[in-house]
Amino acid sequence: MRIGELSRRTGIPTRLLRYYEEQGLLTPVRLANGYRDYADRLVDRVEQIRGLLDAGLPTRVIREVLPCTDNPCTITVTDASDELVGLLEAERDKMDARIECLARNRDAIAAYLRQVEAARKR
DNA sequence: ATTCTTACA
DNA sequence: TGTAAGAA
């Protein structure tokens, strides 16, 4: 499929799909006319990338972790560099911190909503 | 009509 | 990330 269809199927603007390619996150083949040709399986890949990006991981880290997700993860475990491990540990900690922050805000909002509900019944 | 590249806000 | 210009 060409970039337009992939964009429709993933909800990601074509601008970003080209950007992901530039960052080495996607590697579509080229048609004779120069148009990018994306394999169907790349739809999942794009969703994968979105998830990681939304989680706050920088593209340089995703670039190294992604190949680990679609291939049999045997060789990847072997060549996990100390640097990558450190990067991922740092990302994990950031995620933990954000989860805690979100949980607090969620609880605060939930409490507020309960108050609103109680007030309406009276 | 679609996509491509490059460049700028 | 969004948008624009010019070419294919």
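Naming convention: chains lettered A, B, ... in sequence-line order (proteins, then strands); numbering from 1 in each chain.
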message = As a quick check of understanding, evaluate side-chain contact (heavy atoms from CB on, under 4.5 Å) for A:Asp40 and A:Arg9, giving each step before the final call.
response = CA-CA 10 Å; A:Asp40 284 25; A:Arg9 304 220 304 205; 3.9 Å; yes

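- Distance A:Tyr19 OH to C:dG2 P: 12 Å, rounded to the nearest Å.
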query = Can you give the dot-bracket line for DNA chain B, using ( ) for pairs inside the strand, [ ] for pairs that cross earlier ones, | for pairs with another strand and . for unpaired bases, where Watson-Crick and G-U count if both distances are under 3.5 Å?
reply = .||||||||

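- Spacing between atom CD1 of A:Ile12 and atom P of C:dT1 amounts to 7 Å, rounded to whole angstrom units.
- Per the geometry, CZ belonging to A:Arg8 stands 14 Å off P belonging to B:dA1, to the nearest Å.
- Interatomic distance, CG of A:Leu31 versus CZ of A:Arg36, reported as 11.5 Å (0.5 Å rounding).
- Using a 4.5 Å heavy-atom cutoff, the side chains of A:Val43 and A:Tyr38 are not in contact.
- With A:Thr10 as the partner, the side-chain contact (heavy atoms from CB on, under 4.5 Å) test is satisfied by one option alone out of A:Val46, A:Leu42, A:Asp44, A:Leu16: A:Val46.
- The interatomic distance linking A:Leu6 (CG) with B:dT2 (P) rounds to 16 Å, in whole Å.
- Rounding to the nearest 0.5 Å gives a distance of 8.5 Å between CD of A:Glu64 and CG of A:Leu88.
- In this structure, A:Ile12 and A:Tyr20 approach most closely via the heavy-atom pair CG2-CE1, 4.0 Å.
- Remark: A:Tyr35 OH to A:Ile3 CD1 distance equals 11.5 Å, nearest 0.5 Å.
- With rounding to whole Å, A:Glu5 atom CD is found 15 Å from B:dA1 atom C1'.
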Using a 3.5 Å cut-off and no angle test, enumerate the donor-acceptor pairs between side-chain atoms of residues 90-108 of chain A and protein atoms at least two apart in sequence or in another chain.
{"residue": "A:Arg98", "atom": "NH1", "partner": "A:Ala55", "partner atom": "O", "Å": "2.7"}
{"residue": "A:Arg98", "atom": "NH2", "partner": "A:Ala55", "partner atom": "O", "Å": "3.3"}

task = List the protein contact pattern of nucleotides 4-9 of chain B with one symbol per nucleotide (5' to 3'): B for base contact, S for sugar-phosphate-only contact, - for none; contact means a heavy-atom distance under 4.0 Å.
result = SB----

